[in-house]
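From a predicted model like this one, the values you see are computed outputs, not experimental measurements.
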Amino acid sequence: MHDSPVAIADLRNAIRNIPDFPKAGIQFKDITPVLADSRLFAASIDLLTEGFIPGSVDAVVGIDARGFIFAAAAALKLKAGFIPVRKKGKLPYSTFEQSYDLEYGTNTIAIYTDAVKAKSRILLIDDLLATGGTAQAAARLVDQIGAHILQINFLIELSFLKGRDKLAGFPVRSLIVY
């Protein structure tokens, strides 16, 4: 049996839309069907790492929590380290922290101060770009360490929320744009 190539349209078609979650008016983009299908999951990693070869990236940074799934798999494919950016209080060692605004308050994320060396080549990956606050905070953390972000990649971008604007100065790539 020969597997046919996976197109971005196949990924888009697999993403389940769940209305009114986590609150009324929100259209939640559920990536579980992509993850559950080995062909789609593998293709998403291939597409998220497109243009990079093993050795061209020192570490892949993933954002808590769904970003971990894609970033860890991308790190394995690129033979690079995986660095988690976690919610404040989840990393027990010395950290840098960065706060960002949410529509209903603020949140803070953290990275270990020794997560990567200065001038390391970083690919930052998350599942979803919405308002851009989390990704911007993660990029600032990587900058604070002195590493260099090669690109910031997302499986999904909600373009109407203009999150890309907060990532000006970074190359940004999204596979599926709504």
Side-chain angles (χ1 to χ4, degrees), residues 1-87 90 102 107 109 111 115 121-139 142 149-164 166-167 170-178:
M1 184 172 132
H2 178 52
D3 284 332
S4 59
V6 174
I8 289 177
D10 297 321
L11 295 173
R12 178 189 291 270
N13 291 337
I15 294 168
R16 184 171 31 220
N17 193 54
I18 300 175
D20 300 323
F21 184 85
K23 62 182 188 176
I26 302 289
Q27 300 293 315
F28 184 80
K29 302 299 183 195
D30 184 9
I31 60 170
T32 306
V34 171
L35 299 174
D37 183 315
S38 63
R39 228 175 109 253
L40 294 178
F41 183 41
S44 71
I45 300 307
D46 288 346
L47 291 164
L48 286 166
T49 58
E50 193 173 65
F52 295 96
I53 59 169
S56 66
V57 172
D58 296 310
V60 180
V61 171
I63 301 173
D64 201 342
R66 291 181 304 246
F68 291 174
I69 299 163
F70 296 99
L76 283 174
K77 179 180 168 127
L78 295 174
K79 298 185 181 349
F82 165 69
I83 308 299
V85 168
R86 306 250 6 231
K87 293 177 178 89
K90 297 292 185 179
L102 301 165
N107 204 356
I109 55 174
I111 192 170
R121 300 163 298 172
I122 303 297
L123 175 59
L124 197 155
I125 293 180
D126 202 4
D127 68 317
L128 178 77
L129 174 60
T131 62
T134 310
Q136 180 186 48
V142 171
I149 295 176
L150 301 171
Q151 196 162 301
I152 304 175
N153 290 351
F154 301 92
L155 178 69
I156 301 167
E157 178 178 351
L158 304 177
S159 61
F160 59 92
L161 293 175
K162 303 191 183 310
R164 187 177 285 253
K166 289 187 180 165
L167 301 174
F170 296 105
V172 176
R173 183 165 173 262
S174 300
L175 301 183
I176 301 162
V177 180
Y178 293 99

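The line from CD1 of Ile176 to CG of Leu128 is 10.5 Å long, rounded to the nearest 0.5 Å. The distance from atom CG of Leu76 to atom CD1 of Ile45, rounded to the nearest 0.5 Å, is 9.5 Å. Taking CG from Leu48 and CG from Leu155, the interatomic distance works out to 6.0 Å, rounded to the nearest 0.5 Å. Within the model, atoms OG of Ser44 and CD1 of Ile156 stand 10.0 Å from one another, a figure rounded to the nearest 0.5 Å. Atom OH in Tyr178 sits 4.0 Å away from atom CD1 in Ile15 (nearest 0.5 Å).
The shortest side-chain heavy-atom distance between Leu129 and Leu167 falls under the 4.5 Å cut-off. Taking the side chain as every heavy atom from C-beta outward, Phe170 and Leu124 never approach each other to under 4.5 Å. For the pair Val34/Leu11, a side-chain contact is recorded, criterion being any heavy-atom separation below 4.5 Å from C-beta on. Side chains of Lys90 and Pro84 form no contact here, defined as non-hydrogen atoms less than 4.5 Å apart. Considering only heavy atoms from C-beta on, Thr49 stays 4.5 Å or farther from Phe70 through its side chain.
Distance alone, capped at 3.5 Å, places no donor-acceptor pair between the Arg173 side chain and the Gln151 backbone.
Listed by first and then second residue, the salt bridge (Lys or Arg N to Asp or Glu O under 4.0 Å) pairs involving residues 4-15 amount to none (not counting sequence neighbours).
Shown here are the side chain to side chain contact (heavy atoms under 4.5 Å, CB included) partners of Asp20, two or more places apart in sequence or in another chain: Ala24. Take Thr32 and apply the side chain to side chain donor-acceptor pair (under 3.5 Å) test, not counting sequence neighbours, and it matches Asp30. Partners of Asp46 under the side chain to side chain donor-acceptor pair (under 3.5 Å) rule, at least two apart in sequence or in another chain, are Lys77.
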Donor-acceptor pairs under 3.5 angstrom involving side-chain atoms of residues 56-69: please list them, not counting sequence neighbours.
| residue | atom | partner | partner atom | Å |
| --- | --- | --- | --- | --- |
| Ser56 | OG | Ile53 | N | 3.1 |
| Ser56 | OG | Ile53 | O | 2.6 |
| Asp58 | OD1 | Arg121 | NH2 | 2.9 |
| Asp58 | OD2 | Arg121 | N | 2.7 |
| Asp58 | OD2 | Arg121 | NE | 3.1 |
| Asp64 | OD2 | Arg86 | NE | 3.3 |
| Asp64 | OD2 | Lys87 | N | 3.1 |
| Arg66 | NE | Asp127 | OD2 | 2.6 |
| Arg66 | NH2 | Asp127 | OD2 | 3.3 |

Hey, can you pull the donor-acceptor pairs under 3.5 Å for the side chains in residues 131-138, sequence neighbours left out?
| residue | atom | partner | partner atom | Å |
| --- | --- | --- | --- | --- |
| Thr134 | OG1 | Tyr100 | OH | 3.2 |
| Gln136 | NE2 | Lys166 | O | 3.3 |

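Scanning both residues, Pro171 and Leu150, for their nearest heavy atoms gives CG-O, 3.2 Å. Ser174 and Glu157 get closest at one heavy-atom pair: OG-OE1, 2.7 Å. Shown here for Pro5 and Arg39, the closest heavy-atom pair between the two residues is O-NH2, 3.7 Å.
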